[in-house]
Visitor: 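Quick one: structure below, then a few questions.
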Amino acid sequence: MADDLNGLSDKALSILAFATYHRLVSGERVTAVIRKDGAGHEADPEGVKELEERGLVTAGETDIDLGETAQQAVETMVAALRREVGR
């Protein structure tokens with residue numbers, strides 16, 4: 001089931017939310033996020049696995065590369081947040 005966003009768990013959504021945060025802060029499209037930062041912060045392993053199994057990301061030891069569908073999901077999340085606050 002490649003590129004399927006339907007019914008993502010909160011653990012998987014947390015990774016996209018992290019990417020959304022970076023999109024809002026940087027103002028640029030996010031293509032990857034850090035999986036493990038070496039300071040004790042780590043993306044949820046179950047969320048990473050779910051996104052990988054759905055073909056939405058490719059995860060390495062320290063990074064998570066977002067596929068096109070995941071990148072578009074981040075853009076959609078940004079737009080939804082902005083709509084919610086009247087922007």
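No hydrogens, no waters, no symmetry mates; every other heavy atom, side chains included, goes into these values. Numbering starts at 1 and runs along the sequence shown.
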Visitor: Between H22 and F18, how do the two ring planes meet: parallel, tilted or perpendicular, split at 30° and 60°?
Guide: perpendicular
Visitor: Atom CD1 of I34 and atom CD of E42: how far apart are they, to the nearest 0.5 Å?
Guide: 12.5 Å
Visitor: In terms of hydrophobic clusters joined by side-chain contacts under 4.5 Å, are L56 and L13 together?
Guide: yes
Visitor: Quick one: do V48 and L5 end up in the same hydrophobic cluster if we chain Ile, Leu, Val, Met, Phe, Trp and Tyr together by side-chain heavy atoms under 4.5 Å apart?
Guide: yes
Visitor: Looking only at heavy atoms, which two atoms of A19 and V30 are closest? And how far apart?
Guide: O-CG2, 3.6 Å
Visitor: Evaluate the side-chain proximity of V57 to L66: yes if any heavy-atom separation is below 4.5 Å, no if none is.
Guide: yes
Visitor: To the nearest 0.5 Å, what is the distance between CG on L51 and CD1 on I64?
Guide: 7.5 Å
Visitor: I need the L24 CG to M77 CE distance, nearest 0.5 Å.
Guide: 9.5 Å
Visitor: Give every donor-acceptor pair under 3.5 Å between a side-chain atom in residues 78-87 and any protein atom, sequence neighbours left out.
Guide:
none

Visitor: Drop me the distance from D44's CG to R35's CZ, to the nearest 0.5 angstrom.
Guide: 10.0 Å
Visitor: Under 6.0 Å from the CG atom of D37, do we count more than 12 heavy atoms belonging to anything else shown?
Guide: yes
Visitor: Could you work out, with side chain to side chain donor-acceptor pair (under 3.5 Å) as the rule, every residue matching R29, not counting sequence neighbours?
Guide: E68, Q71
Visitor: For the atom pair CG (D4) and OG1 (T69), what is the distance rounded to the nearest 0.5 Å?
Guide: 9.5 Å
Visitor: Once you round to the nearest 0.5 Å, how far does CD of E50 lie from CD1 of I15?
Guide: 8.5 Å
Visitor: What are the two closest heavy atoms between R23 and E28, and how far apart are they?
Guide: CD-O, 2.9 Å
